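Below is one structure, written out as structure tokens; the observations come after it.
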Amino acid sequence: MSRYNAREVEPKWQKAWEDAAVFRATRDRDRPKYYVLEMFPYPSGRIHIGHTRNYTMGDVIARYKLAQGFNVLHPMGFDAFGMPAENAAIENGVHPGDWTYRNIDTMRTQMKPMGFSIDWSREFATCDPEYYAQQQALFIDMMEAGLIYRKAAVVNWDPVDQTVLANEQVIDGKGWRSGAPVERRELTQWFFAISDMAEELLTAIDGLEAWPEKVRTMQRNWIGRSQGLQFGFETIGAPEGFARLDVYTTRPDTLLGAGFAAISPDHPLAKALESNPEIAAFNAECRRMGTSEEELETAEKKGFDTGVRVRHPLDPSWELPVYIANFILMDYGTGAIFGCPAHDQRDLDFSRKYGLPVIDVFKSSESAPDVAKEAYVPLKSQPVTYIRGFAGEKVMTGDEAVAAAVAFCEEAGIGTGVTKYRLRDWGISRQRYWGCPIPMIHCESCGIVPEDKANLPVRLPDDVTLDRPGNPLEHHPTWRHTACPKCGGAATRETDTMDTFVDSSWYFARFTSPRAETPTVAEDAAYWMNVDQYIGGVEHAILHLLYSRFFARAMHMTGHLPAGAIEPFDALFTQGMVTHETYSTRNAAGRTIWHTPDEVVRTETGATLADGTPVKVGPSIKMSKSKKNVVDPEDIIEAYGADTARWFVMSDSPPERDVEWTASGAESAWKHLQRVWRLTVEIAAERERSAGGPEAAAGEEALSLLRAAHRAIRDVTADIEGFSFNRAVARLYELTNAIAKASPEAPGMTEARAFAMRTMAQLMGPMVPHLAEEVWARLGGEGLVVRAAWPVADPALLVESSVILPIQINGKRRGEISVPADADTGAVEAMVLADPLVVRALDGATPRRLIVVPGRIVNVVM
RNA sequence: GCGGGCGUGAUGGAAUGGUAGACAUACCGGACUUAAAAUCCGGAGGCCCUUGUGCCGUGGGGGUUCGAGUCCCCCCGCCCGCACCA
């Protein structure tokens with residue numbers, strides 16, 4: 001029997017799809033549209049198996065919706081600006097653009113044999129001048145709409161390389177290349193005013209019903225709306241101009257538990273005190289830390305007593321010390337707090353360290369002892385007993401107490417209730433070459449003015465030197481010199497480029513009219529938006545998705561998107577990552593050397609290199625180039641074909657969960673597809689033999705197979721709708737087993753088997769499209785299976801005549817009973833009570849309860 | 001540190017609060033074969049020399065319920081994000 005030859009079959013059908021332009025998306029008012037999008041890749045070099053999994057998921061949805069009669073848009077592009085291209089340029093002397101476009105070519109070449117239903121005519125890369133020209137136009141429009149401004153912000157500065165470092169380039173407080181201790185430095189930067197939309201972005205989350213709850217929760221927490229009290233401490237011994245110290249607290253109810261006040265090292269008061277050399281030194285030490293929140297929060301808590309005192313707002317005779325503390329963020333609230341150690345673990349740790357008092361404000365109940373071993377931090381919704389309250393009842397919830405405290409303080413003129421957000425404005429300035437130039441011009445007489453739109457794009461120069469420190473655009477000999485678009489005088493260009501997150505914040509809208517001379521085209525955007533199904537990694541749950549939601553609103557405000565598209569992603573699915581074990585050895589210098597999976601031989605006890613050197617097997621983590629734990633899908637395609645790779649990544653693991661890659665899985669996927677193929681050839685031969693003969697009516701066994709096929713239609717459809725691809729695969733295994741077990745000579749079986757197998761071709765088509773076409777064609781399917789309408793289960797073939805109910809006695813399974821499917825509860829109860837098993841168990845007694853869950857279970861409670 | 005998630009046989013996993021382990025991998029046995037591969041058929045959570053209408057079993061401990069892998073509380077472990085990685 002001939003083997004299924006993926007190498008021949010797959011290109012054949014890919015050509016057939018291309019010739020028929022099956023995946024070309026064009027506006028068509030007569031068909032409902034469906035826009036499915038996977039987060040586009042960064043062109044890092046090669047596709048890895050994680051991409052394969054991601055795009056196969058999108059492809060299953062796209063092909064399924066196509067079969068359901070939708071006009072499907074399924075585009076692909078490249079998120080092509082970013083640091084790796086510059087790093088490659090520095091390390092290998094290649095131009096970032098050459099490196100990027102070469103990678104894009106490689107990755108496209110790797111993706112095409114996968115047979116994805118992508119409309120490649122819409123492809124673009126964000127580094128294409130045609131794309132970033134429109135991004136610059138958007139920037140100018142957003143500027144005019146008041147969504148962009150400039151302010152000073154803190155960056156990581158490498159004093160040796162004279163460059164700004166990304167957080168990931170700061171390792172243990174040192175620059176990754178220079179090894180020099182990183183400093184914090186202030187630069188004037190461009191900002192998007194996303195925090196102006198904080199409330200809108202927060203409340204609109206409620207409407208995102210087809211988003212995972214966890215992503216909605218993360219976004220809510222990120223925006224971090226809090227209600228609290230802002231008030232001013234009267235200071236004692238503070239420098240000129242600091243008579244008041246404003247603090248913000250979300251727990252004003254704990255004011256009488258105050259132990260100290262603390263300010264950020266970046267607070268103006270902290271800076272004003274730097275004439276004291278000790279304070280200057282402390283602040284400088286704090287500023288040696290990186291800028292990431294994680295680093296600030298996990299660093300050892302340190303403080304410095306400034307000597308300044310503040311008066312407690314409720315008791316002017318009560319003085320509190322003011323510390324500078326390294327864990328206070330200048331960006332949140334007022335950059336100053338009061339510490340309540342009894343009810344905040346961090347404040348407690350701090351108080352212990354510096355010998356500050358700990359005063360309980362409330363307890364869990366009237367009788368609870370006064371304890372201060374551990375900060376008592378109950379949920380704000382939980383009622384507690386106040387022992388040092390000053391407003392409201394003795395027993396109330398934290399929420400009630402906060403409201404009462406705010407009301408009291410407003411009444412007494414101590415402070416005001418305010419709503420604050422954790423969300424900060426989005427700083428987009430990057431002092432790098434390989435990004436979208438910010439289209440602004442600095443003119444001595446006109447100030448900062450936008451470039452004339454007619455002059456867009458502001459192109460990146462090709463001739464740059466990346467091997468010297470600093471921003472390449474800044475030290476390019478001519479690029480920055482230009483004429484002021486307003487007065488025509490000599491002026492200089494902005495040399496900062498945009499954060500690459502900007503590029504990915506509107507690409508989904510660009511796909512609706514990718515070649516237009518404007519960012520979008522109204523009719524196209526109105527027809528195709530929103531993205532009906534967006535698919536991507538959960539690592540983008542916050543930033544990318546939040547920025548995109550902001551951008552969609554900004555694009556609506558500036559006339560580039562319709563009002564209906566301000567929430568651009570109707571449904572979101574976050575797929576898990578593909579992980580793999582890591583393998584490492586140490587070299588003579590003790591440095592860790594990583595090894596790829598194909599360099600390593602697994603043994604029973606561990607792993608070794610080919611030469612027998614023992615290898616340390618590390619945990620299975622996200623595949624990354626740096627850890628070398630990557631698997632190249634090309635190897636699998638070469639050995640087994642694209643369908644095998646697609647089938648494998650869809651089977652076994654639920655798509656939202658991480659999947660650990662193992663080599664054994666691919667071969668079993670291939671075996672299964674071979675089995676489907678053998679059955680197809682067998683059935684095709686049976687049909688040929690019986691051709692022209694009288695058609696036998698379907699007997700009981702054939703009917704049973706038809707029933708199995710219809711159950712598969714019902715279940716696979718539900719599983720695809722619910723993103724349970726692994727279950728859909730299991731259902732298809734069951735159908736294969738049913739077809740294989742059916743006796744070919746049973747009456748009517750030839751056609752029943754052919755029907756079941758054609759159904760299988762349709763149901764597995766979204767996952768293994770090439771094999772599906774081949775099966776479909778061999779068994780008399782009409783046209784291309786990719787164009788065939790999705791099958792519909794016949795309800796008459798789904799009903800069973802009887803069901804088997806397990807019988808529980810006191811919650812433990814003791815037996816089962818077969819009852820007619822249409823028996824009502826009373827009839828089932830009677831049958832259960834008459835069952836010998838139950839009679840014996842009851843031994844003449846009357847059951848206390850009899851629970852019948854129709855179609856599921858019976859529980860007899862004695 | 002903060003926010004979010006996950007934890008089920010040897011393995012990947014299945015299970016609207018209702019028969020735990022579907023389906024698959026690996027494994028064991030059988031058929032076919034000179035043999036092997038491939039293929040086909042079958043077995044299988046653990047325990048007991050009590051084989052039963054038995055007991056135990058979904059990271060650990062507690063709770064709600066007629067009934068908990070699923071809901072609630074506490075704990076442990078792992079993973080993701082933390083604003084200049086994409």
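Only a predicted model underlies this, so the values are computations on that prediction, with no experimental measurement involved. Lettering follows sequence order; numbering is per chain, from 1.
Within the structure, a side-chain polar atom (N or O) of Asn167(A) is placed less than 4.0 Å from OP1 or OP2 of A83(B). Contact annotation: Asn726(A) side-chain N/O to A22(B) OP1/OP2 distance is not under 4.0 Å. The side chain of Arg657(A) places an N or O atom within less than 4.0 Å of a non-bridging phosphate oxygen (OP1 or OP2) of G7(B). Residue Arg675(A) places at least one side-chain N or O under 4.0 Å from the OP1 or OP2 atom of C40(B). Residue Ser292(A) places no side-chain N or O under 4.0 Å from the OP1 or OP2 atom of C82(B). Applying the 4.0 Å criterion to OP1 and OP2 of A20(B), one finds that Lys812(A) has every side-chain N and O outside that range. For C66(B), one of the phosphate oxygens OP1 or OP2 lies less than 4.0 angstrom from a side-chain nitrogen or oxygen of Arg849(A).
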Donor-acceptor pairs are to be reported for all side-chain atoms of residues 803-817 of chain A against protein atoms at under 3.5 Å, with residues two or more places apart or in another chain.
residue   : atom : partner   : partner atom : Å
Asn810(A) : OD1  : Met862(A) : N            : 2.9
Arg813(A) : NH2  : Glu816(A) : OE1          : 2.8

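Between Asp158(A) and Lys174(A) there is no salt bridge, since no side-chain N of the basic residue sits under 4.0 Å from a carboxylate O of the acidic one. Salt-bridge annotation for Asp266(A) and Arg184(A): present, with a side-chain N of the basic residue lying under 4.0 Å from a carboxylate O of the acidic one. Using a 4.0 Å cut-off between a side-chain N of Lys or Arg and a carboxylate O of Asp or Glu, Lys151(A) and Glu186(A) do not qualify as a salt bridge. One finds a salt bridge joining Glu297(A) and Arg346(A) here, because a Lys/Arg side-chain nitrogen approaches an Asp/Glu carboxylate oxygen to under 4.0 Å.
With its glycosidic angle more than 90° from 0, G13(B) adopts the anti conformation.
Not a single donor-acceptor pair under 3.5 Å links the side chain of Ser226(A) to the backbone N or O of Thr250(A).
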Could you spell out the base pairing of RNA chain B as a dot-bracket line? Use Watson-Crick and G-U wobble contacts where both distances are under 3.5 Å, [ ] for crossing pairs, | for partners on a different strand.
(((((((..(((.....[....))).(((((.......))))).((((...).)))..(((((..]....))))))))))))....
